[in-house]
Amino acid sequence: MIKAESKSPGNIFLFGEHAVVYHKPAIIGSVGLYTKCVISKLKNEEIIIYSKELGKAFCKNNIKKGKKDLFPLINLCNFLIRKYKLKCGLEIKIESQIPVASGLSSSSAVLCSILRSFSKLFNLKLKNGNYYKYLINFQKEIHGGKASGAEIISSSFGGLNYIYFYKNRLRHRQINLNYKLIAVIGDTKIKTKTSKTVASYIPKLIKKDKLFVNKSFNKIKTICEQRLLAFKKNDLVVLGQLLNKNQEILKSLGLSHPKIDLAIKKALDAGAFGAKLSGKGQGGIMFALTNAKRKFLVANAIKKAGLETKIIKIGI
Ligand code: MEV
């Protein structure tokens with residue numbers, strides 16, 4: 001085989017973003033938006049990456065050139081080439097339905113799709129359970145040094161998962177909740193790099209007021225666990241209330257944004273069960289939990305708040 005193709009999904013955090021970086025659980029679901037990667041062998045030992053969204057980068061004789069945002073992907077390719085002692089180069093073409101820097105795990109989706117295509121191309125049959133350990137360092141590089149890896153697990157396995165990392169992060173507990181939800185995503189189009197909130201804003205806040213942040217993350221942990229216990233019941237009302245509670249905590253930590261607050265209010269007024277931001281926050285996307293009957297009403301309300309909307313399924 002000289003060419004292989006695969007795709008991996010983006011994600012929504014129902015509960016637990018940020019807190020999951022500090023050994024609290026999260027509930028995260030894959031969404032029906034994908035990043036596709038086509039990978040080909042090159043005769044010369046070069047790496048070339050073309051991203052429809054981000055541009056081009058390449059690496060020859062260990063010298064990287066082009067779009068810096070793509071350098072972690074070059075580093076992943078170099079790691080794989082060394083690990084499998086390959087005597088060829090790689091060309092990677094990336095196309096994504098997931099808006100970059102929006103809070104929908106575009107970076108995990110691209111890392112997972114590269115690894116999946118690579119595994120196909122070289123017939124490695126890598127299991128989903130291996131993706132975390134292969135990719136976490138590159139996710140950290142993209143996030144400015146800090147990442148939980150929950151998004152990698154979600155993008156590689158898919159579905160709706162409860163994820164809890166033990167203290168040393170070498171092991172984690174994962175429960176597939178087997179549940180699908182309908183939501184409307186509202187995109188503020190405010191692009192905030194994950195590194196800004198994960199590697200800078202929250203660590204600074206912890207330095208300033210450790211007790212407050214700890215208390216907030218512990219409240220999120222309680223919400224997550226409450227929800228885990230109740231997941232079998234089809235109680236969208238309770239789920240919605242818990243989403244709102246998690247959002248209040250994220251807001252009190254300074255992770256929301258006026259545009260997100262407005263869209264959440266409009267969505268709730270239009271009958272959404274609950275709504276919150278997802279991912280790094282301070283911009284990016286929000287989502288509102290709804291059902292087949294209410295989804296267009298909720299989408300219209302979010303649109304009226306000035307956000308671009310998409311109706312999606314979570315947990316597919
Ligand atoms: C960022 O998309 C999600 C965070 O929880 C960071 C992480 O889990 O790596 C904020």
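Because only heavy atoms are used, hydrogens play no part in the values below, and waters and symmetry mates are left out as well, while side chains stay in. First listed ligand is number 1; within each ligand, the first listed atom is number 1. From a predicted model like this one, the values you see are computed outputs, not experimental measurements.
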Under the rule for side-chain contact (heavy atoms from CB on, under 4.5 Å), what residues qualify as partners of Ile142, not counting sequence neighbours?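 side-chain contact (heavy atoms from CB on, under 4.5 Å) check on Ile142 returns Pro72, Ser107, Leu111.
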
The single option from Tyr164, Phe217, Phe165 that satisfies ring-ring contact (aromatic ring centres under 6.0 Å, His included) with Tyr22 is Phe217

Residues with a heavy atom under 4.0 Å from ligand 1, by chain and number, are Phe13, Glu17, His18, Val20, Val21, His143, Ala147, Ser148, Glu151, Thr194, Val198, Gly279, Lys280

Compile the donor-acceptor pairs under 3.5 Å between side chains in residues 283-290 and protein atoms, sequence neighbours left out, one pair per line.
from   : atom 1 : to     : atom 2 : distance (Å)
Thr290 : OG1    : Lys295 : N      : 3.4

For Lys221, the salt bridge (Lys or Arg N to Asp or Glu O under 4.0 Å) test, sequence neighbours excluded, returns none

Is it true that Phe118 and Tyr134 have ring centroids separated by less than 6.0 Å?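 Distance test on ring centres: not under 6.0 Å, no.
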
Can you tell me if NZ on Lys304 sees more than 12 non-hydrogen neighbours from other groups inside 6.0 Å?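 Result for NZ/Lys304: open.
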
